[in-house]
Amino acid sequence: MDSTGTIVARHVGPGCNPSHLGADGARTVLLSALEALLAASPVPPLKSQIAALRLYVAGSAATWREIAALIHGYGPVTVGPDSLPVLELATAGAPGLVLHAGTGSFVAARAPDGSVHYAGGLGWRFGDPGSGYELGRRAIAAALLELTGWSPATGLGAALQAHTGLEDGGAIKAMFYAVPDANARVAAFAPHVIELAQRAAAPPRSRSPAPSASSSPRAASSPRSSSPARGTSPAASAARC
């Protein structure tokens with residue numbers, strides 16, 4: 001962003017949470033992202049520079065301050081919580097509240113006196129209710145029960161097979177315990193769960209047969225002929241999902 005507030009370059013990099021990568025790994029990813037950002041700038045590289053750096057991050061603030069102290073050549077480095085820009089985008093600086101549910105979850109609010117309040121963000125082990133990770137984890141647990149034959153099929157089992165590229169429930173379980181990016185893969189299953197729920201909650205589509213020449217107008221327009229079958233109403237389908 002330049003001095004007028006115009007965005008001149010963007011770069012999307014991989015995650016760099018020190019809780020997963022360690023402080024050195026997080027710093028390496030961050031520096032690579034800064035170099036890529038400068039390379040993407042329309043200003044010639046020799047004249048392009050970062051005058052100030054603001055890091056809005058998840059994880060330990062103390063750890064990030066230590067990382068920030070080792071970053072040189074990018075101007076003053078300020079560290080803040082990742083909830084702050086989300087709150088600003090939602091409220092434009094006015095009093096209000098934002099509920100964020102991504103891979104994790106938190107609630108942030110600004111009171112009329114300008115004070116900022118925050119709840120959540122405890123991470124996947126101790127919190128993040130309603131997050132992509134929690135939704136994915138609970139759905140995967142239900143899907144594994146389906147694939148082992150312990151519960152009726154609902155579509156979750158097939159969706160999990162498509163998501164992982166594996167057929168056997170035992171192999172799927174072993175994969176999630178073995179891969180280093182298990183948390184991201186669990187959270188990535190959440191969109192499939194939402195898609196299944198939306199499909200189940202959609203109004204049923206019925207196609208009435210074309211009236212024959214012998215059909216009376218009353219029979220062709222009978223409301224009963226286009227009513228959904230008992231037990232397949234949107235509410236009933238949503239409850240099963």
Side-chain angles (χ1 to χ4, degrees), residues 10-17 19-20 56 58-59 82-83 85-87 89-91 96-108 119-208 226-241:
R10 296 177 185 268
H11 173 73
V12 179
C16 58
N17 193 325
S19 299
H20 299 290
Y56 295 103
D82 60 349
S83 59
V86 177
L87 179 62
L89 287 171
T91 65
L97 178 146
V98 62
L99 170 62
H100 171 81
T103 301
S105 66
F106 61 77
V107 178
L122 296 179
W124 61 276
R125 285 190 187 275
F126 308 112
D128 288 345
S131 66
Y133 178 82
E134 187 196 39
L135 182 58
R137 180 188 63 79
R138 295 176 67 174
I140 289 171
L144 289 174
L145 291 179
E146 290 183 19
L147 295 177
T148 52
W150 294 346
S151 64
T154 65
L156 282 174
L160 182 60
Q161 289 172 325
H163 176 63
T164 60
L166 301 171
E167 295 291 324
D168 179 68
I172 293 173
K173 181 184 71 172
M175 181 274 295
F176 278 113
Y177 276 105
V179 295
D181 60 340
N183 288 5
R185 296 197 191 197
V186 169
F189 188 54
H192 300 289
V193 180
I194 294 172
E195 181 183 354
L196 283 173
Q198 290 173 334
R199 246 188 276 163
R205 298 180 179 180
S206 60
R207 298 181 61 184
S208 300
S226 61
S227 298
R230 183 178 181 184
T232 60
S233 67
S237 299
R240 284 200 301 273
C241 179

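Since this is a predicted model, take the numbers as computed values, not measurements.
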Inset, instruction - Measure the shortest side-chain to side-chain distance between Val98 and Thr91 over non-hydrogen atoms and say whether it is less than 4.5 angstrom. - result: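 Result no, sub-4.5 Å side-chain heavy-atom pair not found.
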
Legend entry - Close side-chain approach of Ile194 and Leu135, heavy atoms under 4.5 Å: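 A side-chain contact exists here, since the closest heavy-atom pair is under 4.5 Å.
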
Legend entry - Any residue meeting side-chain contact (heavy atoms from CB on, under 4.5 Å) with Ser83, in chain and number order, not counting sequence neighbours: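 With neighbours one apart ignored, the set is Pro81, Phe106, Ala108, Tyr118.
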
Indicate the atoms forming the closest heavy-atom contact of [X] with [Y], along with that distance.
X: Val186; Y: Arg137; answer: CG1-N, 3.3 Å
X: Ala190; Y: Gly132; answer: CB-O, 3.6 Å
X: Ser105; Y: Pro129; answer: OG-O, 2.9 Å
X: Leu156; Y: Val193; answer: CD2-CG2, 4.3 Å
X: Ala143; Y: Leu160; answer: CB-CD2, 3.7 Å
X: Leu196; Y: Ala159; answer: CD1-CB, 4.0 Å

Legend entry - Distance in Å, Asp82 CG paired with Leu87 CG, rounded so as to fall on 0.5 Å steps: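 So the CG of Asp82 and the CG of Leu87 are separated by 11.5 Å.
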
Legend entry - Rounded distance [0.5 Å steps], CG in Asp168 versus CD in Gln161: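 Reported value, rounded in 0.5 Å steps: 9.0 Å.
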
Legend entry - Pairwise salt bridge (charged side-chain N to carboxylate O under 4.0 Å, His left out) hits with a residue in residues 171-188, at least two apart: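 Every pair satisfying salt bridge (charged side-chain N to carboxylate O under 4.0 Å, His left out) with a residue in residues 171-188: Asp181-Arg185.
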
Legend entry - Results of ring-ring contact (aromatic ring centres under 6.0 Å, His included) for Phe189 - residues two or more places apart only: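 Checked Phe189 against ring-ring contact (aromatic ring centres under 6.0 Å, His included); matches are His163, His192.
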
Legend entry - Whether Glu146 side chain and Ser151 backbone form a donor-acceptor pair below 3.5 Å: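 No.
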
Legend entry - Flag, side chain of Glu134 to backbone of Gly130, donor-acceptor distance under 3.5 Å: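 Here the side-chain-to-backbone pair exists.
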
Legend entry - Chi angles and distances behind the side-chain contact (heavy atoms from CB on, under 4.5 Å) call for Thr164, Phe176: CA-CA 9 Å; Thr164 60; Phe176 278 113; 3.9 Å; yes

